[in-house]
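In what follows, a structure is listed as structure tokens, so that the remarks can point back to it.
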Amino acid sequence: MEAGIVQNVILLVDSYKNSHHRQYPTGTSYIYSYFESRGGKFPYTVFFGLQYILKRWLQGPVITKEMIQEAKELHAQHFGRNDVFNEEGWNYIVERHGGKLPLKVCAVPEGTIVPTKNVLFTVVNTDPMVPWLTSFFETLLVQVWYPMTVATNSRIQKQILHHYHSKTNDDLDSLPRSLHDFGYRGVSSVESAAIGGAAHLVNFEGTDTLAALVFLRKYYHCNMAGYSIPASEHSTVTIWGRDRESDAHRNMLEAFPDGIVASVSDSYNIWDTCENIWGEELRELVLKRGKNGGAVYIRPDSGDPPTVVVKCLNILGDAYGTTVNSKGYKMLPPYLRVIQGDGISYKTIGKILENMKVNGWSAANVGFGSGGSLLQKVNRDTQKCAYKCSHAIIDGKGVDVYKQPITDPGKDSKKGRLALHLINGTYTTVQQEGNDPKLDMLVPVFKDGELLKDYTLQEIRERAKMCSSDINVMQ
Ligand SMILES: O=C1OCCC/C1=C\Nc1ccccc1
């Protein structure tokens, strides 16, 4: 088990869940639940991250007698009573199942793009003695909302970038690294950085969130999921003093004499820095670097992004010249690019790209970085992710279970045992009843403590890749 704050799997839940085993009708033997995104900011979700939860917490003989004792003692104090904690139920799981969880989870393959309001995974207990188990792990399983929503937020931006690269560039070669993860410092924890950073790397290959690389090695069989380059930050520029800014940038080019480097250039006056330092003083070094196949990414980091990006391109274009590509848009020389890492989100990236386009600039001149907006500015409500009971077996009889709040029809839940069908390229949620199980896109990924599917990032990226319908997405 990993070092972490909570080691005890029985404590990975909201307190009230330990009182639920006494709240089901006697004779309840099976409880079926499903997980969906009811929709919100984005019309689809990229399903990603369940495998991590299963591998990290639920796979194998995860329940032990020691955990039961620790949880029992904690609950007695926490509730101030001894009739809440389900000691018998947990003992049964240790004694009868060796600590393995008698659950079956069926899920859509990771990386699949599914329109919202569709079932994404289902859970059912496999031992009729412990129906309460299905709902018990809701708390943990619903945390898949985070990687799923970050992967979706990231892919929505990839669609916008794909649109502009298709319209204004010769090829899509620079698309995979056109949105770089700057989010490590902007998330709530190292674990969130790993999970969210990994979710972004489903769609892209540029990241500074090292935790995501470790995560994807460990849980998704990918040895190197993303790349970065030597880059300055304000402190490594400003430490030289205001009147030695050009020395700071020169040092960047000499310290890393080949390949691509990025230099943040807005410490004082970015217009002067672009025109006189990059355009004049360091010109020979830039040209020499270009001759060796290297490049310099000039990084603004303030001001109104659409305006600043175009003004930087214009100044650099005047200083170094431009070419016009096959789509009729201007390109800087291959050794010069701009990277905009401030104020980037799915709401703003299109505005910057549109302003570049109307000013005759190809999208391929600019790389983007996004931090808190990419990894942190999401919550469970962004895509309204929920886990609900839809069917149960009580006294041997199957009953459909649902909620239908008079106060919010948007919170209606689905009934029955669900399957996900792909009909003429469209996903549809149907009842298992009366349908051929071979048509169900949900595949068993976990059963009785065993992981049944072990996806690689490579195959997940393949499932989530851009397709023709991703081009005309601009509203
Ligand atoms: O500004 C930043 O904020 C925080 C995270 C990293 C970062 C910049 N990194 C970078 C990487 C590759 C090219 C250019 C910059």
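Computed from a predicted structure; not experimentally measured. Just so you know, ligand 1 is whichever comes first in the structure, and atom 1 is the first atom listed for that ligand. Excluded from the calculations below are hydrogen atoms, water molecules and symmetry mates; all remaining heavy atoms, backbone and side chain alike, are included.
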Practice prompt. Return each pair, listed once, that meets salt bridge (charged side-chain N to carboxylate O under 4.0 Å, His left out) where at least one residue sits in residues 235-264; pairs must be two or more places apart or across chains.
Written response: R244-D247, D247-R250, R250-E281

Worksheet item: With no hydrogens and no angle check, do the side chains of D266 and H234 hold a donor and an acceptor under 3.5 Å apart?
Response: yes

Practice prompt. Would you please indicate if the ring centroids of Y44 and Y427 are separated by under 6.0 Å?
Written response: no

Item to complete: Cation-pi check, K158 to F204: give yes when NZ or CZ is under 6.0 Å from the six-membered ring centre and within 45° of the ring axis, no otherwise.
Response: yes

Fill in: Shortest non-hydrogen contact from L418 toward L442
O-CD1, 4.1 Å

Worksheet item: With a 4.0 Å cut-off, would you call E459 and R463 a salt bridge?
Response: yes

Starting from the N and O atoms of ligand 1, find every protein N or O within less than 3.5 Å and list the pair with its distance.
from	atom 1	to	atom 2	distance (Å)
ligand 1	1 (O)	R299	NH1	3.1
ligand 1	1 (O)	R299	NH2	3.2
ligand 1	9 (N)	D208	OD2	3.0

